[in-house]
J.: 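Please find one structure pasted underneath; my questions will follow.
Remember, it's a predicted structure, so these values are computed and weren't measured experimentally. Atoms considered below: every heavy atom in the structure, side chains included; atoms not considered: hydrogens, waters and symmetry mates. Sequence lines set the chain letters: A, B, ... in the order given, protein chains first and strands last, and positions in each chain run from 1.
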Protein chains: 2
Amino acid sequence: MDVRTLCLGILALGDATGYEIRKMVAEGSFSFFSEASYGSIYPALTRLTEEGLVTYQTTPQSKRPDKKVYNLSPAGREELTRALRRDPGPDKNRSEFLASLLFAEAVSPERVNELIGDRLRQHRQKIDSLKSLLDEDMTPASSFVVQFGIAVQQAALDFLENNRGMLEGIGTRKKRKSASA
Amino acid sequence: MDVRTLCLGILALGDATGYEIRKMVAEGSFSFFSEASYGSIYPALTRLTEEGLVTYQTTPQSKRPDKKVYNLSPAGREELTRALRRDPGPDKNRSEFLASLLFAEAVSPERVNELIGDRLRQHRQKIDSLKSLLDEDMTPASSFVVQFGIAVQQAALDFLENNRGMLEGIGTRKKRKSASA
DNA sequence: ATTAATATATATCGAAATGATATGTATGAG
DNA sequence: CTCATACATATCATTTCGATATATATTAAT
């Protein structure tokens, strides 16, 4: 999903500033399945404004840049509906962790073990943070998505705990000078 | 993981052409957690060659561009080891599907239902294709990663099957001309 | 008490990556 | 016999990332 459509969708749920949009995708209940940086969000909002798909009210603030609260225009809502009619593309899962494991022949077994330990901790942390999101009042869709995230994280955690034995002996230690040849 | 390191890692597992690398990340056992397009792979290989981290042998082919089989140089292997010493960043999961659900207030309940049906099919297909990868002979690490993928896909599938009821009544149908005002 | 870090809020910019396309043939399916 | 897929390289416009700049208020740590 391009940042453009992402912004339209978020604004469909309520007015927001660019800063708030960024926060939602980076830390909020959107963080599980999307991300976008300032470098893409602000230009997107500018363009959407030019196209009349969003509008904004400026709230002056002393000692701080004026706050621009964006809201979806009727044309923007139509554009969102059109975008959502298209079939969503397949999910994309990127994992440096799994890549590192695959290439782990080049690293020591201790490093592999450390990698997995770190990973287990990260999964537990992620699950906790998702669970705490559930406390806040949410729409059913939002709750569904967060619970989905929890389920997937939990499955990853369980798999790692139950199968790390498979990686016994993965990794190479630096060969000491070989006797042969 | 940048494409550069990805290429080094893949070449550490065996020599390959740019075309083959692309195929591995797009369809092979790497497809679960990484992706890269020609537009990033070919320039990366060119730069790696310039830097002496990979070399290649040209296999002339009539009626087809010459095949360039790349292989990792000792310097490249060192660079890979250095890269793998850095802590892997967090996973990134992007899902247009989940985003669509969150924004689904703007679409019809039927569309939501259709979305989920499609999704169930896609998960089953993905699981099948991952399972068929397991038949091929694999390194332990490779097998671990694929089984990890299966576990996660299965968890997502199970969640959808068991909880789609949560989305009952999500979505709005176009209001017919309201009696009131 | 003072330093350090975090949060608010906008915005830009170089570097990286995507997704599509160009080129041209061989092969297998329908 | 036609059409799609596989092989194999490569480029390019557009999009996105990740870092940085600017400036202050608040909270946390030592």
J.: Any chance you could lay out the side-chain contact (heavy atoms from CB on, under 4.5 Å) test for B:Phe148 and B:Phe33, step after step, and finish with the verdict?
T.: CA-CA 10 Å; B:Phe148 183 97; B:Phe33 60 84; over 6 Å; no
J.: More 5' along DNA chain C: A:Lys92 or A:Lys67, using each one's nearest nucleotide?
T.: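 Looking at DNA chain C, the more 5' nearest nucleotide goes with A:Lys67.
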J.: Which residues, if any, of residues 40-55 of chain B bring a heavy atom under 4.0 Å of DNA chain D?
T.: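 Close to the strand are B:Tyr42.
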J.: Write down the atom of B:Pro60, the atom of B:Asp66, and the distance for their closest heavy-atom approach.
T.: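 The answer is CA-OD1, 3.5 Å.
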J.: For the helix from C:dA1-D:dT30 to C:dG30-D:dC1, what angle separates the axis at the start from the axis at the finish, each from five pairs, in steps of 10°?
T.: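 Rounded value for the end-axis angle: 60°.
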J.: What pairs with A:Asp2 under side-chain hydrogen bond (donor to acceptor under 3.5 Å, both in side chains), at least two apart in sequence or on another chain?
T.: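 Counting only residues at least two positions away or on another chain, A:Asp2 forms a side-chain hydrogen bond (donor to acceptor under 3.5 Å, both in side chains) with A:Thr5.
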J.: Can you check the B:Met24 CE to D:dC7 P distance for me, whole Å?
T.: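 Whole-Å distance recorded here is 13 Å.
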J.: DNA chain D: B:Asp66 or B:Arg94, which has the more 5' nearest nucleotide?
T.: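 Its nucleotide being nearer the 5' end, the pick is B:Asp66.
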J.: Pick one: which of A:Gln122, A:His123, A:Lys126 meets side chain to side chain donor-acceptor pair (under 3.5 Å) with A:Gln153?
T.: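 Of the listed options, the one satisfying the test is A:His123.
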J.: Which residue lies toward the 5' end of DNA chain D, A:Val3 or B:Lys68, if each is placed at its nearest nucleotide?
T.: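 Final value for this comparison: B:Lys68.
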J.: Report the C-alpha separation of A:Ile127 and A:Arg124 in whole Å, then their side-chain angles, then the decisive distance to 0.1 Å, and conclude whether the side-chain contact (heavy atoms from CB on, under 4.5 Å) test is met.
T.: CA-CA 5 Å; A:Ile127 290 170; A:Arg124 294 200 185 93; 5.8 Å; no
J.: How would you list, by chain and number, every residue that makes a ring-ring contact (aromatic ring centres under 6.0 Å, His included) with A:Phe144, sequence neighbours excluded?
T.: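 So A:Phe144 forms a ring-ring contact (aromatic ring centres under 6.0 Å, His included) with B:Phe159.
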J.: Would you please say whether a donor-acceptor pair under 3.5 Å links the side chains of B:Arg94 and A:Asn93?
T.: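 No - no donor-acceptor pair under 3.5 Å links their side chains.
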J.: Does A:Ser34 use its side chain to pair, donor to acceptor, with the backbone of A:Phe30 at less than 3.5 Å?
T.: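 Yes, the answer is positive, given that a donor and an acceptor are paired below the 3.5 Å cut-off.
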J.: Just do the side-chain contact (heavy atoms from CB on, under 4.5 Å) check on A:Thr49 and A:Thr55 with the steps written out, would you?
T.: CA-CA 6 Å; A:Thr49 303; A:Thr55 55; over 6 Å; no
J.: Mind checking A:Thr17 for me? I need base, sugar-phosphate or nothing, with any heavy atom below 4.0 Å counting as a touch.
T.: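 It contacts sugar-phosphate atoms only.
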J.: Is A:Glu20 touching bases, backbone alone, or none of the nucleic acid, heavy atoms closer than 4.0 Å?
T.: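 If one applies the 4.0 Å heavy-atom cut-off, A:Glu20 turns out to touch nothing in the nucleic acid.
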J.: So does A:Glu96 get a backbone contact from the side chain of A:Ser100, meaning a donor-acceptor N/O pair under 3.5 Å?
T.: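 Yes; at least one donor-acceptor contact below 3.5 Å.
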J.: What closest approach, in Å, do A:Ala151 and B:Ala155 show between heavy atoms, and which atom pair accounts for it?
T.: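 Reported closest heavy-atom pair: O-CB, 4.2 Å.
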J.: Anything under 4.0 Å to a heavy atom of chain A counts; send over the first and last such nucleotide of DNA chain C, read 5' to 3'.
T.: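 The contacted stretch runs from C:dA7 to C:dG19.
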J.: Would you tabulate the nitrogen or oxygen pairs shorter than 3.5 Å linking the protein to nucleotides 4-6 of chain D?
T.:
none

J.: Answer with yes or no whether the hydrophobic clustering places A:Leu13 together with A:Val69; edges join I, L, V, M, F, W, Y residues whose side-chain heavy atoms lie under 4.5 Å apart.
T.: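 In one cluster with A:Leu13: A:Val69, no.
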J.: Could you tell me whether the phosphate oxygens of D:dC7, OP1 or OP2, come under 4.0 Å of any side-chain nitrogen or oxygen in B:Gln61?
T.: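 No, because none of the side-chain N or O atoms of B:Gln61 sits under 4.0 Å from OP1 or OP2 of D:dC7.
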J.: Is it true that the side chains of A:Gln147 and A:Ser143 contain a donor and an acceptor less than 3.5 Å apart?
T.: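 Per modelled atom types, A:Gln147 and A:Ser143 side chains form a pair under 3.5 Å.
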J.: Determine the contact category for B:Arg22: base if any of its heavy atoms lies under 4.0 Å from a base atom, sugar-phosphate if only primed atoms, P, OP1 or OP2 are that close, otherwise nothing.
T.: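 Contact class for B:Arg22: none.
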